[in-house]
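Some notes on the structure that comes next.
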Amino acid sequence: MENDLLSLIKTTLIDGDPERTATLVQQALSEGLAPLAIVEQGLVPGMTVVGDRFASGEYFLPQLVIAARCMQAAMDILQPELLRRQEAVARAGTVVIGTVKGDIHEIGKNLVATMLSAAGFQVFDLGVNVPGEQFVEKVRETGAQILGLSALLTTTMTEQREVIAALEQAGLRDRVKVIIGGAPVNQRWAESIGADGYAEDAVGAVALARRLLGR
Ligand code: B1M
């Protein structure tokens with residue numbers, strides 16, 4: 001039953017039906033499914049199929065756009081739930097996060113930001129297409145201990161390296177841990193650009209942030 005609902009949710013992304021996504025997500029919550037399970041076992045697998053079909057030429061940009069709308073409709077319902085379940089913890093630390101310059105993918109970054117907030121971090125989300133100088137300024141202004149850089153394109157992942165260089169130039173590199181993520185990046189890339197860590201998903205990002213701050 002639970003699996004049926006999750007696979008129906010997955011199908012609505014593949015078919016591009018945001019209203020039905022929202023209805024089914026609401027139903028899944030009412031039936032007691034955990035919000036994170038709905039994301040990881042329903043929405044993300046649907047998005048993966050859409051991405052694969054786009055890569056193989058079966059789908060075109062409009063299908064990507066409408067799948068993103070399905071995801072947004074779902075997250076509008078799930079985000080308050082994820083935050084409501086926040087553990088009653090002391091402030092875990094301060095994070096500045098954004099998607100790097102040239103890149104407008106925000107769904108994964110938003111999920112990471114939400115999970116960090118739910119884990120007690122104060123999160124400053126700068127949005128998408130964020131220039132390096134803006135990251136540097138926000139880190140300086142907030143005294144954040146963690147800077148999170150998301151990149152979804154092979155053409156924009158190099159911007160993560162540029163932001164680290166900008167932090168170094170501003171004399172802030174030693175004051176902040178840089179964590180990176182996004183589909184094209186991995187641990188090896190993180191090491192090669194001098195980032196402090198890489199996380200594969202939102203849950204991993206929370207664990208990494210906690211670990212880096214010795215929590
Ligand atoms: Co675009 N897109 N897209 N897209 N898109 C990809 C990334 C692509 C892989 C599709 C494909 O070809 N299979 C491909 C990139 C190929 C490449 O670079 N090699 C691609 C392309 C080519 C493009 C355009 C260039 C298409 C075009 O215009 N011709 C264009 C670029 C625009 C730009 O940014 N300048 C483009 C546009 C778009 C839309 C706007 C239509 C839309 C985004 C809408 C939005 O965000 N509001 C879109 C979408 C939806 C996708 C796919 C299908 C799905 C992305 C997504 O939201 N996934 C994607 C294919 C795919 O990834 N399978 C694709 C769900 C999300 C929960 O996962 O974002 O991976 P993800 O985030 C995960 C982890 O990566 C990680 O945790 C998250 C949660 O688990 N993570 C972090 C992410 N950030 C992290 C940060 C961290 C830690 C972990 O620490 C800081």
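In each ligand, atom 1 is the first atom listed, and ligand 1 is the first ligand listed.
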- Begin from the C-alpha positions of R211 and D196 and carry the test salt bridge (charged side-chain N to carboxylate O under 4.0 Å, His left out) through to its verdict. CA-CA 11 Å; R211 196 169 66 243; D196 296 290; over 6 Å; no
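- Looking at atom 19 (N) of ligand 1, its nearest protein heavy atom turns out to be T154 OG1, 3.2 Å.
- Per-residue contacts place A183 under 4.0 angstrom from the following atoms of ligand 1 (heavy atoms of the residue considered): 75 (O).
- The ligand atoms of ligand 1 that sit less than 4.0 angstrom from a heavy atom of G148 are 91 (C).
- The only option from T142, I146, V130 that meets the side-chain contact (heavy atoms from CB on, under 4.5 Å) definition with V96 turns out to be T142.
- Near A68, with a cut-off below 4.0 Å to any heavy atom, the atoms of ligand 1 are 44 (C).
- One N or O on the side chain of Q63 and one on the backbone of F60 form a donor-acceptor pair closer than 3.5 Å.
- The shortest N or O to N or O distance between G102 and ligand 1 is below 3.5 Å.
- At the top of the distance list for atom 16 (C) of ligand 1, counting protein heavy atoms only, stands L153 CD2, 4.5 Å.
- At a 3.5 angstrom cut-off on N or O pairs, T155 does not count as close to ligand 1.
- Counting heavy atoms under 4.0 Å from ligand 1, residue V128 does not touch it at all.
- Of the options I180, T154, L149, a side-chain contact (heavy atoms from CB on, under 4.5 Å) to V185 is made by I180 and by none of the others.
- Those atoms of ligand 1 with a heavy atom of D201 less than 4.0 angstrom away are 76 (C), 77 (O), 80 (O).
- Applying the 4.0 Å criterion to heavy atoms of A202 picks out, from ligand 1, the atoms 77 (O), 79 (C), 80 (O).
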- Does the side chain to side chain contact (heavy atoms under 4.5 Å, CB included) test come out yes or no for L43 and L78, once each step is laid out? CA-CA 11 Å; L43 298 166; L78 293 172; 3.8 Å; yes
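- A donor-acceptor pair under 3.5 Å is absent between the side-chain atoms of Y198 and the main chain of G182, judged by distance alone.
- Heavy atoms of V112 found under 4.0 angstrom from ligand 1 belong exclusively to the side chain.
- Of the protein's non-hydrogen atoms, the one nearest atom 81 (N) of ligand 1 is G182 N, 3.5 Å.
- Taking a 6.0 Å sphere around CD of E191, one finds it holds more than 12 heavy atoms contributed by other residues, nucleotides or ligands.
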- Message: Please determine whether side-chain hydrogen bond (donor to acceptor under 3.5 Å, both in side chains) holds for the pair T99 and E106, giving the CA-CA distance in whole Å, both sets of side-chain angles, and the decisive distance to 0.1 Å.
- Response: CA-CA 7 Å; T99 303; E106 64 180 347; over 6 Å; no
- Message: Show, in sequence, the C-alpha distance, side-chain angles and deciding distance for D125 and K109, and conclude whether the salt bridge (charged side-chain N to carboxylate O under 4.0 Å, His left out) test is met.
- Response: CA-CA 9 Å; D125 184 349; K109 180 268 298 167; 3.1 Å; yes
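- When distances from atom 76 (C) of ligand 1 to the protein are checked, a heavy atom turns up under 4.0 Å.
- Proximity of atom 32 (C) of ligand 1 to the protein is indicated by at least one non-hydrogen atom lying closer than 4.0 angstrom.
- The 12-atom threshold is not exceeded at CD of E19, counting heavy atoms of other residues, nucleotides or ligands nearer than 6.0 Å.
- Given atom 10 (C) of ligand 1, the protein heavy atom at minimum distance is F54 CD2, 3.7 Å.
- Shortest non-hydrogen contact noted between R210 and A119 is NH2-CB, 3.6 Å.
- For ligand 1, the atoms sitting less than 4.0 Å from at least one non-hydrogen atom of V65 are 41 (C), numbered in the order shown with element in parentheses.
- N129 places a side-chain N or O within donor-acceptor distance of the main-chain N or O of G102, the cut-off being under 3.5 Å.
- For atom 55 (C) of ligand 1, the choice among Q72, M47, Q63 with the nearest heavy atom turns out to be M47.
- Less than 4.0 angstrom separates atom 24 (C) of ligand 1 from none of the non-hydrogen atoms of the protein.
- Per-residue contacts place A199 under 4.0 angstrom from the following atoms of ligand 1 (heavy atoms of the residue considered): 88 (C), 89 (C).
- Ligand 1 has an N or O atom lying under 3.5 Å from an N or O atom of I104, backbone or side chain.
- Under the 4.5 Å side-chain criterion, counting only non-hydrogen atoms from C-beta, V49 is in contact with K10.
- When heavy-atom distances to ligand 1 are checked against a 4.0 Å cut-off, L111 comes that close only through its side chain, counted from C-beta outward.
- Distance remark: protein heavy atom present below 4.0 angstrom from atom 44 (C) of ligand 1.
- Residue, atom and distance of the protein heavy atom nearest to atom 7 (C) of ligand 1 are L152 O, 3.4 Å.
- When all heavy atoms are compared, the tightest approach of A28 to L5 is CA-CD2, 3.5 Å.
- The side-chain contact (heavy atoms from CB on, under 4.5 Å) test with V163 singles out one residue from L147, V178, V139, and that residue is L147.
- Ranking the protein heavy atoms by distance from atom 27 (C) of ligand 1 puts L61 CD1, 3.9 Å first.
- When non-hydrogen atoms are compared, ligand 1 lies under 4.0 Å from neither the backbone nor the side chain of N129.
- The nearest heavy-atom contact from the protein to atom 13 (N) of ligand 1 is G51 O, 2.8 Å.
- Annotation for ligand 1: atoms under 4.0 Å from non-hydrogen atoms of D103 are 34 (O).
- Looking at heavy atoms from C-beta onward, F124 lies in side-chain contact with T94 at the 4.5 angstrom threshold.
- At a heavy-atom distance under 4.0 Å, only backbone atoms of E200 (N, CA, C or O) approach ligand 1.
- In terms of polar-atom proximity, E106 is counted as a contact of ligand 1, with an N or O under 3.5 Å from an N or O of the ligand.
- Residue, atom and distance of the protein heavy atom nearest to atom 49 (C) of ligand 1 are H105 CD2, 3.8 Å.
- Within a 6.0 Å radius of CD in Q169, no more than 12 heavy atoms belonging to other residues, nucleotides or ligands are found.
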